[in-house]
There are 6 protein chains.
Amino acid sequence: MGARIDGRGAADLRLVTIERDVLDHAEGSCTIRFGKTWVMCAASVEDRQPGWLRGTESGWVTAEYSMLPRSTHTRTQREVERGRPGGRTQEISRLIGRSMRGVVNLELLGQRTVTIDCDVLQADGGTRTASITGGYVALAIALNKLIAADKISPSTLQSQVAAVSVGLVKEQPHLDLCYEEDSTAGVDFNVVMTGEDDFVEVQGTAEGKPFSRSQMDELMDLARAGITELFERQQAALEKS
Amino acid sequence: MGARIDGRGAADLRLVTIERDVLDHAEGSCTIRFGKTWVMCAASVEDRQPGWLRGTESGWVTAEYSMLPRSTHTRTQREVERGRPGGRTQEISRLIGRSMRGVVNLELLGQRTVTIDCDVLQADGGTRTASITGGYVALAIALNKLIAADKISPSTLQSQVAAVSVGLVKEQPHLDLCYEEDSTAGVDFNVVMTGEDDFVEVQGTAEGKPFSRSQMDELMDLARAGITELFERQQAALEKS
Amino acid sequence: MGARIDGRGAADLRLVTIERDVLDHAEGSCTIRFGKTWVMCAASVEDRQPGWLRGTESGWVTAEYSMLPRSTHTRTQREVERGRPGGRTQEISRLIGRSMRGVVNLELLGQRTVTIDCDVLQADGGTRTASITGGYVALAIALNKLIAADKISPSTLQSQVAAVSVGLVKEQPHLDLCYEEDSTAGVDFNVVMTGEDDFVEVQGTAEGKPFSRSQMDELMDLARAGITELFERQQAALEKS
Amino acid sequence: MGARIDGRGAADLRLVTIERDVLDHAEGSCTIRFGKTWVMCAASVEDRQPGWLRGTESGWVTAEYSMLPRSTHTRTQREVERGRPGGRTQEISRLIGRSMRGVVNLELLGQRTVTIDCDVLQADGGTRTASITGGYVALAIALNKLIAADKISPSTLQSQVAAVSVGLVKEQPHLDLCYEEDSTAGVDFNVVMTGEDDFVEVQGTAEGKPFSRSQMDELMDLARAGITELFERQQAALEKS
Amino acid sequence: MGARIDGRGAADLRLVTIERDVLDHAEGSCTIRFGKTWVMCAASVEDRQPGWLRGTESGWVTAEYSMLPRSTHTRTQREVERGRPGGRTQEISRLIGRSMRGVVNLELLGQRTVTIDCDVLQADGGTRTASITGGYVALAIALNKLIAADKISPSTLQSQVAAVSVGLVKEQPHLDLCYEEDSTAGVDFNVVMTGEDDFVEVQGTAEGKPFSRSQMDELMDLARAGITELFERQQAALEKS
Amino acid sequence: MGARIDGRGAADLRLVTIERDVLDHAEGSCTIRFGKTWVMCAASVEDRQPGWLRGTESGWVTAEYSMLPRSTHTRTQREVERGRPGGRTQEISRLIGRSMRGVVNLELLGQRTVTIDCDVLQADGGTRTASITGGYVALAIALNKLIAADKISPSTLQSQVAAVSVGLVKEQPHLDLCYEEDSTAGVDFNVVMTGEDDFVEVQGTAEGKPFSRSQMDELMDLARAGITELFERQQAALEKS
């Protein structure tokens, strides 16, 4: 098993950079890069509940994912021109939202809605995992402001959350697939974990040949190692301020 | 750990019944019941490729999932009235499609499109897993006709595919959750496997508390056992004709 | 004038079967078959008025009609994919709704909305008349429950309602056209009548040659006879419980 | 049975005026008034078939109906703002189209599409019957130009077509209902007839109490008399040029 | 620089005719013609504010512009069929609305909404300027009724407003371009002015060669002269009653 | 007339920064900042004409403008969720497109389409003028590559183009309004000019009090000075490479 397209080893992440506070209006924001993948993450806090929570003390955390038309190798038509978000877009938005909710105590959040917008500026594989990893940083910045202002309890943010993709490329497990690897991978997993090494989401798909239980186990190990590293990058970014 | 709402043990499937050839026009069809969950599955074969395959010899298998408005406990508005399929609908349609493609050799299928329509007549949890399990039966009927007519090779259908849900209810692993269990489950997995005991899809979500690696392992074991049983039901239905 | 495609005489209905209580959640339900035409009918009762009745004591009865994609000879695209219900779908939904309202005292119904969903599982001509005939059965089951629970007066359901198609095939009057007859019929009527032999709706269309007053009279006679027979099938189904 | 709101007898039409050639671009056009109801009718001839006729020698005649937002007593929202034509709009468009096709030999029309646009400038009941009656005038002007230019046979336009509403107001038959009458009528018929006194369409609806066969007969007689008069107005307008 | 297509001089308006009170239901209405361009203008007064003004004493004036499908040389598809108003339609609707608001004191209007509907019956260039010029007449009729009924102050309508197009055709300034001129003009301005000779809107576009400051000055002079003439036509129409 | 909110003089631009080549896939790209306003501009070159140019040798330049949901002070709903781009979005997209076409020789461009995507990352007034100014940089980078590759003539890009806003704030002319100034400005102009000091577009709107000819003249002078400065910033960015 030789070097990868970009020279990495099979268990290496791409270069990860997180720049916080890039937006003036948003309550929390960052840009995150996983190699050439580049996502703008913004957390917006609103003092209102979604309609279906009315009558409770609970808040909500939701997410919306979108790709700029020229984030892709060739230009992609804007979804607004087709009149609706595509299936993939909605699927990823829902995944990001669930991941964020996995580490927030919604009752402690109070009657608020936090929306995490993840807009992909450039796509090179792993846009959903970068979105979750960066979305957490934006979320944490926003919640930390509320905590600092004594509006919510410090226990509202219960843990850290990050995500990475792993897959079988030529039958071998690889971490953090770039677009070219992803499009040839036989099996592709997105794994979302919390700071306690527990899982929020595991989504594995065999694009070609189905995968065995032992292959799945190997991939889980690889993912955990990658996510541990991402937790450090998140911490470093959050400590800068 | 006592009996479940409906008296089953934690590792028991609900009553599964598959009735084949319920439609006169469709190339393949069945209704499938997982307890009160009831889905109409129809396979339509068309002698044309989707546009993006033009120029190749390959065919395509796709799926569409939908719920009748009164399949649910209280009536649900039709999605056509909102002008577009919801995120959940698209997500499940895509999952069924990928599951079917996991056992079909698209090149051997030739320049054809097979569409698997799964319309939920009644919903009581597990509609997506029932759809995959019944969808396979409709698919197999349709492909077997093409094979019998010498239009495609017998190798086109490469394996069997079925799906089941497993989850942690009160921290304990349970097989084939009904709606009431599903809505209180802390963790919910949908598992799709082939006749070779390999995975096509694994989708696990922590609705509440994140789950550990060992919990995941237990759930996978339970799913495998359930799917093995579903394979037998599919075989029995297909052999009836 | 010889026998018809399926051996029937010109004044014969196809085989009509009604199976009641097929759904667990719906307040009233049945499947109805007119030959190969097969419709799922569900009545949903909600304790709220439509907005435009607010301030009155009246209720409302409405209907929605839809065809499953593979109810037809070749697969039909789902209307949700085109973003809106087609003209024919809306026209039939409105017809079913008016027919149901023709036998319900909306003031006695109180501040409730009853929605009759007619989803065509298989289409072979006469889907709208089967929907009305089966829709009445679902409606009656639902209203009878409200009557039994003393929530509404027994006079709320004022009469029976059923519908049949009649048409000129090769210039001769025929009852209850199947798809193949319908597509060659020069004139096509849908007639909706109440238990008192009065009309709720008469819709006649010359697809080809216009029709004369005396032809119309003949067709009305034929329709009346057919509907009388349908009333008996409805009664039989309702009495089974 | 005293005089009507506007002083007419029960068997009287409102004042009917037809002004032809009001548009410079359209191949045929007129404005038609039934009392205060006022409709712009335009016939557009295009040298192309609809897609589904390709491969045949046939043409097609279709229609689109719409109401200006302030044609109504109080302003009505434009349907484009809701994203789609409403059910009533589509139903009427289809009725006008069928009525026009009832008097056109589509094979003699050749590979052309004629679109009849009926835009209601002001509505006071009977907009669909005025649209059909005026639509015929626009259609005839357009086809007569093609005939004069030797592009189609004079037999292409096979007959005249006009429409009128009749209804039971306080149980009595009335011709050509205005809005106020229409909104209190128990039974409402729209009748479309050809120059040979044959029917193209009969659509009768009981809004309240169902109607008997003999009431229907009376209404048909009234409609025929009204339509005979409308034929004369159409002729007079067409002869003016 | 010889005579124009229709014989006019470069500084001449086309024949302008305004017919007021053409609609029975609308609070104010007129048809306006600029040559063959023909627009129906209707003002609707509603006793409610738009949602975003709630809590204030202010009213609002808005406008909607649309073209009938056969207002154009060849038939144009209805925008409702595409599911949404096009960019040009929205742009013109917004321009008309701003122009009307330029002469109305919204606070004196009180908690009312006035909607100006401009529906183009026939298009031959200058539809937006005819719409503004006719829209003002409809607006003034409606507001004058409110003033006469002592519901609003006479100062609510602060000035007159009218609009005209000017452009460079073969590098020469021309007033009130017809369609054929407009489609060959290198530069096209729409100018909206008030009775005080002040500007509400200036919109100039170089379709081909950019224009100089001195060309712009010449065009402004030409527009002012044309608008002065339009003010007289508006006055004449308003005085007729 | 004292200093402005941000300390600038009335005739000062905000800090303008342009960073080129920020995207790897796009043929041309930059981010541009006018103070806190921040726009991502991407030029995509495709070797195909829009349908309506088929049969000619011409190419096309078009633009699409959009705002990220949290570019604004409080979060704005994505337009895709409403199913269509709003009127303002379409208006600005069209303006940017026309501005770009004002400096491109479309025949020399050949059978190509260039799409300029301007996605607003942060909005603080002047997003459309920043989009045009940055859009030109992205366009020039893309065309220069085609020129360098000998695919198009150096004359294809005929001039430079940039835009700035000017307005009357408290009756005084101000250059390059930020959001707070813009929302209180009585008159607001967007001016687009070419390198020859000619105009491509002039759009002036009186939000409150109409403006006089001499005020317009003053604003044009101010705009010209600002645009001259923007031309230098564009040049500087383009020379960096």
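Residue numbering restarts at 1 for every chain, and letters A, B, ... go by the order of the sequence lines. Because only heavy atoms are used, hydrogens play no part in the values below, and waters and symmetry mates are left out as well, while side chains stay in. Note that the structure is predicted; figures quoted are calculated from it, not measured.
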Just verifying a value: how many Å separate E/N105 CG and E/S153 OG, rounded to the nearest 0.5 Å?
8.0 Å
All heavy atoms of E/L139 vs all of E/M100, minimum pair found to be CD2-SD, 3.8 Å
Between D/Q111 and D/D47, a side-chain donor and acceptor under 3.5 Å
no
Side chain to side chain donor-acceptor pair (under 3.5 Å) between E/Y65 and E/T127: does it pass, once the steps are laid out?
CA-CA 9 Å; E/Y65 167 96; E/T127 61; 2.6 Å; yes
Against chain D, work out which of E/A42, E/A43, E/P85 has the most heavy-atom pairs shorter than 4.5 Å and name it.
E/P85
With a 4.5 Å limit on heavy-atom distance, are the side chains of D/L95 and D/R128 in contact?
yes
In terms of heavy-atom pairs under 4.5 Å, which option from D/L23, D/D124, D/D24 contacts chain E the most?
D/D24
Chain E contacts, top residue of D/E64, D/K36, D/M40, D/E27 (heavy-atom pairs, under 4.5 Å):
D/E64
At a heavy-atom separation under 4.5 Å, does D/E81 approach chain E through its side chain, its backbone, both, or neither?
side chain
Side chain, backbone, both or neither: which part of D/A26 has a non-hydrogen atom closer than 4.5 Å to chain E?
both
Less than 4.5 Å apart, side chain to side chain, heavy atoms only: is that true for E/C41 and E/I32?
yes
Measure D/L68 against the heavy atoms of chain E and call it side chain, backbone, both or neither at under 4.5 Å.
side chain
Identify which part of D/D119 has an atom lying under 4.5 Å from any heavy atom of chain E, answering side chain, backbone, both or neither.
side chain
With E/I152 as reference, evaluate E/L108, E/N144, E/L143 under the side-chain contact (heavy atoms from CB on, under 4.5 Å) test and give the passing residue.
E/L143
What residues of residues 69-79 of chain E sit under 4.5 Å from chain D when you count only heavy atoms?
E/P69, E/R70, E/S71, E/T72, E/H73, E/R75, E/R78, E/E79
For the pair D/E181 and D/R4, evaluate salt bridge (Lys or Arg N to Asp or Glu O under 4.0 Å) and give the outcome as yes or no after the intermediate values.
CA-CA 9 Å; D/E181 290 171 338; D/R4 295 161 75 172; 2.7 Å; yes
Just wondering, do D/W60 and D/L53 contact through their side chains at under 4.5 Å, heavy atoms?
yes
